[in-house]
2 protein chains.
Amino acid sequence: MMTRAPDDARCPDDAEPAEGDYRVDRQIGFFLRQANQRHVALFASIMGDRLTTTQWAALTKLREVQPISQNHLGRETAMDAATIKGVVDRLVARGFVRTAPDPEDGRRLVLSITPEGEEAVARNLSAALAVTEETLAPLTAGERRMLIELIRKIC
Amino acid sequence: MMTRAPDDARCPDDAEPAEGDYRVDRQIGFFLRQANQRHVALFASIMGDRLTTTQWAALTKLREVQPISQNHLGRETAMDAATIKGVVDRLVARGFVRTAPDPEDGRRLVLSITPEGEEAVARNLSAALAVTEETLAPLTAGERRMLIELIRKIC
DNA sequence: TGCCGTTTATTTGTATACGAACGATTATGA
DNA sequence: TCATAATCGTTCGTATACAAATAAACGGCA
């Protein structure tokens, strides 16, 4: 008679994590990365004007809170100071955003949206909503609310 | 007597999206990006050896399915052919992964994990589990199951 | 056998993402 | 007031992420 079952053969008195059982593709981080990848891919395929997710976030947020300094816009859109700089530079190069030195604070760079930027937002707004819809397409209305509620808690 | 409520004053007979109401920071894509950012930050602060999330994914998945070709490992870990190449190159440079030409297929590069790679996995496994735990810390056990179930559906 | 489509790995270019360091400027407190 | 701390924008280096193009090698099929 066996004193131990075959699938209990490894380290029965050991509290260390079972190495053989670990699966990266079952961890929340793996799912978060993949879900974000799918959303970015949907965004790229649905949105026009070759606008990226971060450029869209910066542009629409700027429209909401302008005028605002560059770093501040970065904080509002969850972007590093180095990251928001690159995003803003590309939006400026495309004529969607304008920069000006702040007369009251020599350090700040004040951003505002141009008419071309406003047009770009208006032109792509329905597509942006379609991206959200398509991303959540596999879920029911109740599941969508639940997912958003839960994911907000881990941000 | 008013024929229309004040908050219904814009485009009542228009099916177009209401521009003024759009908020990027309420879209699922914004949350997915932020949640992923938080997870990556937690990973960087908890894990040792300066291993990144993708390097960890590639290394642990390789341990599971070796030997395997480079592109195949990329598909198993949701990475582009160009992306997995960079990740594998860095793991090879660190001595965690070994590459060899496939004698049966001249195109393939067969990957396997080195003893140093195995040690790196064993050394960091509990930290990896702690990252998952910390990422889900704001949620109850039931909420965690629900979040994982929902997020899997949109991957 | 030889043609052709596919797969594999690679390279280039562009775009986040962030740590770290830097100079310039502003705010704070002793 | 003046030294110090904090903020702002910038730059550098590293690491994903992916589109697109390429060369080499494999497969099937006439």
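Each chain gets a letter, A, B and so on, in the order the sequences are listed, and its residues count up from 1.
- Salt-bridge annotation for A:Arg144 and A:Glu133: present, with a side-chain N of the basic residue lying under 4.0 Å from a carboxylate O of the acidic one.
- Taking side-chain N and O atoms only, A:Lys85 has a distance below 4.0 Å to OP1 or OP2 of D:dT10.
- Of the possible donor and acceptor atoms, none in the side chain of A:Thr83 sits under 3.5 Å from a partner among the backbone N and O of A:Met79.
- Within the 4.0 Å cut-off from OP1 or OP2 of D:dA15, not a single side-chain nitrogen or oxygen of B:Thr54 is found.
- With rounding to whole Å, A:Leu109 atom CG is found 14 Å from C:dA24 atom C1'.
- Atom CH2 of B:Trp56 is separated from atom C1' of D:dA15 by 18 Å (rounded to the nearest Å).
- Residue B:Met146 qualifies as open at atom CE: its count of foreign heavy atoms under 6.0 Å is 12 or below.
- Taking atom CD on A:Glu104 and atom C1' on C:dT25, their separation rounds to 15 Å, with Å as the unit.
- Contact record, A:Gly95 with A:Thr114: O-OG1, 2.5 Å, taken as the closest heavy-atom pair.
- A straight line from CD1 of A:Ile84 to C1' of C:dA15 spans 13 Å, rounded to a whole angstrom.
- Regarding A:Arg38, its CZ atom lies at a distance of 14 Å from the P atom of D:dC18, rounded to whole Å.
- Only one option out of A:Leu51, A:Ile46, A:Thr60, A:Leu129 pairs with A:Asn124 in a side chain to side chain contact (heavy atoms under 4.5 Å, CB included); it is A:Leu51.
- As a whole-Å value, the separation of A:Leu73 CG from D:dG9 P is 10 Å.
- Looking at every heavy atom in both residues, B:Ile68 comes nearest to B:Leu73 through CD1-N, 3.7 Å.
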Give the C-alpha distance, both sets of side-chain angles, the deciding distance and a yes or no for side-chain contact (heavy atoms from CB on, under 4.5 Å) between B:Leu147 and B:Leu139.
CA-CA 9 Å; B:Leu147 173 62; B:Leu139 304 181; 3.6 Å; yes
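- Considering only side-chain N and O atoms, B:Ser69 lies nowhere under 4.0 angstrom from the phosphate OP1 or OP2 of C:dT8.
- The structure places CZ of A:Arg33 at 8.5 Å from CG of B:Asn36, a figure rounded to the nearest 0.5 Å.
- In the set C:dT10, C:dT16, D:dT16, the nucleotide with an atom closest to the side chain of A:Thr83 is C:dT16.
- To the nearest angstrom, C1' of D:dA15 lies 12 Å from CZ of A:Arg33.
- Of the residues near DNA chain C, B:Ala81 and A:Met79, the one whose nearest nucleotide (by heavy atom distance) lies more toward the 5' end is B:Ala81.
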Sub-3.5 Å pairs of nitrogen or oxygen atoms, protein against nucleotides 5-7 of chain D:
{"unit_1": "D:dT7", "atom_1": "O2", "unit_2": "A:Arg107", "atom_2": "NH1", "d": "2.9"}

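- Heavy-atom nearest nucleotides on DNA chain C were determined for B:Gln70 and for A:Asp105, and the one closer to the 5' end corresponds to B:Gln70.
- Only B:Val87, B:Arg90, listed by number, bring a heavy atom of residues 87-99 of chain B to less than 4.0 angstrom from any atom of DNA chain D.
- Follow the hydrophobic side-chain contacts under 4.5 Å out from A:Val97 and you reach A:Val65 in the same cluster.
- Closest approach to the A:Asp80 side chain among C:dG19, C:dT10, D:dA15 is made by C:dG19 (side chain taken as heavy atoms from C-beta onward).
- Salt bridge absent: B:Arg94 and B:Glu116 never bring a charged side-chain N and a carboxylate O closer than 4.0 Å.
- The side chain of B:Arg50 places no N or O atom within less than 4.0 Å of a non-bridging phosphate oxygen (OP1 or OP2) of C:dG19.
- In this structure, the CD atom of B:Gln55 is 11 Å from the P atom of D:dA17, given to the nearest Å.
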